Amino acid sequence: MAPKAKADALQQKSPAEFFAENKNIAGFDNPGKCLYTTVRELVENALDAAESISELPHIEITIEEVSKARLNRIRGVEHHDRLDEQLYQDFESEEAKKKRLAKEAKDKEKLQKLIDKHGEGAAPVEAERKKMAAAAKAAGGAMRGNLFYRVTVKDNGAGMPHRDIPNMLGRVLSGTKYGVKQTRGKFGLGAKMALIWSKMTTGLPFEIVSARPGAANKSHYVLDIDIHRNEPNVHKEETLPNPGGWHGSELGLTIEGNWSHYRSYIVRYLRQIAVITPYAAFTFAYKAEEEKNSLRINFRRRTDVMPPPPRATKHHPSSVDLELVKRLLKATEAKSLTVFLRKEFDCVSAALAERLVDEMQMGVEGDMSPRNLTDKQVVRLHQLLHEVRFDDPRGDHLSPAGEYNLRLGVMKEVHPDLIATHQGDVKVFEGHAFIVEAAVSVGGRDVKSGINSYRFANRIPLLFEQGSDVITKTAQKRINWAAYKINQAADKVGVFVSIVSTKIPFKGAGKEYIGDDVEEMVAAVKAAIQACCVQLKTKIVRAIAAREQKLRKKNLTKCIPDAANAIFSVLERMAKREAGEGEEDPDDGGPGGAEDGAGGAKRRRLAPPPVRDDKGLLPAVARRELTAATLAARLTEYVERIDTDMALEYQVQQGLAAGIAKEPLYLMPLSSRHSHGPELHANTCVVRLLSGYT
Ligand SMILES: Nc1ncnc2c1ncn2[C@@H]1O[C@H](COP(=O)(O)OP(=O)(O)OP(=O)(O)O)[C@@H](O)[C@H]1O
């Protein structure tokens, strides 16, 4: 028989090898994304560590540029002058150089034409200059390629036990967060992926300093990972004195990355984590080789109110699979099956445990040892756990950010014009409790027009795969924004949704988005956003009314001079007539009446009736005590003082029925051509011109 081809030979891979070859599963796609994910994994570990001991987190993040020359010095690689330039990627051939120069000349010519047409400093000229600069930068960037960075994250958390550090940080799929508990970390993978990436690109190890609260010493490790064996490889291990009683961890790695391409993601991530964690302080420093390219951002702590830490809970019976049941049966300390059911599962009382045992039949007794169950009995138990109706998990072990924190976070980072928040009830998916919280904001800083969704899962911001996520899809497609007086296209709407659970249905180990296929989650996300929208609608309606009122006031104020003059001239003429100085109106025909055209019939015109002037206005006008200016001043005062809406409401409620709201005003027509006009409707009153004088 021919020897087996080498390609067919059976091989095994360690988990570390698998993840090294499939880095993208864990969010390590390309150098830029690797830099982002490294920061993210270390920051989330830092937050978990501080919250686990109820310490207000203080996280310091540093990314320091490391030039190739410096990296080589660190690695002890000597500098070599190039012997054969043409071998190198950045070599520019004569032909390429010619092309580049031709393009540069063409661009210059185009720019000059624009300057001639629009003048130096004009918008099109500046736009073209910007375009040219960006193209030059991109070409330079492509030439420079990726750079190297030292990433350090320091926290004030729980630290790590000295002897566990190598396994925690040097063995893939090892961690302390596998329990049924809401944590940012879950897979025991993130920090090791960063280490694998550093090993693959710079070959430099992980450096860790860590101290537990109250520890007299701190641990110092330098280690990397044996990828083939998935084992930590410790280069240095020591304990150092800890006189100041510091506790926490400082983790540092040197990796390849691309700051210029992923800078915006890193800054956005930090900004969003500051939104959802307003009780944490973050300091971020990007240290470039050239100081002018450095960046420093501080996200200050805005509250000392920290959500109560999440608690570990027991497995809910409907959430367990067959393998897990077997594992629990093997690991339990319970001596009897009824105690096992009661102790290992959530929502199982002693009485229910007995009923479950009775229901199992197949010769199962309550006092038998859980380890003695046969394979068939285990299968029966697993089936039963999925068939019986158990109470839903209560969710009191979860730790949502809380409406207060969410609102504070959004307000401090976004400064919206309007905001509403809502926390939904505990819901259940596959036996795991979850809570959805939402904030919807309108207006604010750095928010584009339209629906902007901000997603958080177990208080981690999710920045990638936006389009496929349950939150984005729900915000974009399942909410009728117009029904809440929100313009989906024009308004700057921020939709912040945070889901916390002991199991977030992430798609992939990169924890980048939550699938849109979990019905319970879709419904809960929609309900939370809608609840915010209902609150916002009230605020928006009120804001629209206030805006309209302001406009009304402005319009009324504009009319005051004309209205005052018009009223005054009428009063003035009436006063003159009262004093017997009135001019005869040629159309009036005199007091004795006049002929009425067409029919030739004589019709007496009515003499102007005596004017009722209870308030003594006309003498005041005659004495020049009441002038157009007085009227204007009074009207201005009135418009200023009266909240017109309230006044109307007041009048309607108080006066209309009693007749107080009706004020007769008598205006003398200047000629017979003045006829009775229609009703004039204003927002605060209705003016109706009536015929007949009394
Ligand atoms: N800054 C830290 N402080 C204390 N413990 C830490 C810190 N960083 C990591 N650890 C410990 O190391 C373990 C492994 O971390 P790692 O990032 O590899 O995975 P994880 O956080 O458990 O899960 P995930 O892969 O989902 O992030 C953690 O479970 C935690 O116990």
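Just so you know, ligand 1 is whichever comes first in the structure, and atom 1 is the first atom listed for that ligand. Everything quoted here is computed from the prediction, not taken from an experiment.
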With a 6.0 Å cut-off on ring centres, are [X] and [Y] close enough?
X	Y	value
H235	Y221	no
Y36	F28	no
F345	F340	yes
W259	Y286	yes

Closest protein heavy atom (residue, atom, distance) for [atom]:
atom	value
atom 26 (O) of ligand 1	K186 N, 2.6 Å
atom 29 (O) of ligand 1	T176 N, 2.9 Å
atom 12 (O) of ligand 1	M168 CB, 3.6 Å
atom 3 (N) of ligand 1	A49 CB, 3.2 Å

In terms of side-chain geometry, is the basic nitrogen of [X] or [Y] positioned less than 4.0 Å from the acidic oxygen of its partner?
X	Y	answer
R455	E465	no
E44	R459	no
K13	E21	yes
R327	E323	no
K507	D517	yes

What atoms in ligand 1 come closer than 4.0 Å to a heavy atom of [X]?
X	result
K511	24 (P), 26 (O), 27 (O)
A191	16 (P), 17 (O), 18 (O)
G175	13 (C), 29 (O)
K192	14 (C), 15 (O), 16 (P), 18 (O)
E41	27 (O)
G190	16 (P), 17 (O), 18 (O), 19 (O), 24 (P), 25 (O), 27 (O)

**OP:** Would you check, one step at a time, whether the test side-chain hydrogen bond (donor to acceptor under 3.5 Å, both in side chains) holds for Q182 with H397?
**Re:** CA-CA 8 Å; Q182 173 200 324; H397 52 282; over 6 Å; no

Original post:
How does E44 reach ligand 1, by side chain, by backbone, by both or by neither, if only non-hydrogen atoms under 4.0 Å count?
Top reply: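 It is neither; nothing of E44 touches ligand 1.
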
Pick, from [options], the option with the minimum heavy-atom distance to [atom].
atom	options	value
atom 2 (C) of ligand 1	S249, A194, G159, A50	S249
atom 19 (O) of ligand 1	G248, S210, G188	G188
atom 21 (O) of ligand 1	N45, L173, D48	N45

Short N/O distance, under 3.5 Å, between [X] and ligand 1?
X	result
D155	yes
G185	no
M160	no
F187	yes
S174	no
L189	yes

Original post:
Between E430 and S319, is a side-chain hydrogen bond (donor to acceptor under 3.5 Å, both in side chains) present by the stated rule, with each step listed?
Top reply: CA-CA 5 Å; E430 289 182 3; S319 73; over 6 Å; no

Original post:
In terms of the angle between their ring planes, are F456 and F496 parallel, tilted or perpendicular, with boundaries placed at 30° and 60°?
Top reply: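 Judged by the thresholds at 30° and 60°, the geometry between F456 and F496 is parallel.
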
Subject >> Working for side-chain hydrogen bond (donor to acceptor under 3.5 Å, both in side chains), residues N217 and S219 >> reply: CA-CA 7 Å; N217 293 312; S219 312; over 6 Å; no

Original post:
Is ligand 1 less than 4.0 angstrom away from at least one heavy atom of M193?
Top reply: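 No; M193 lies far enough from ligand 1 that no heavy-atom distance drops under 4.0 Å.
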
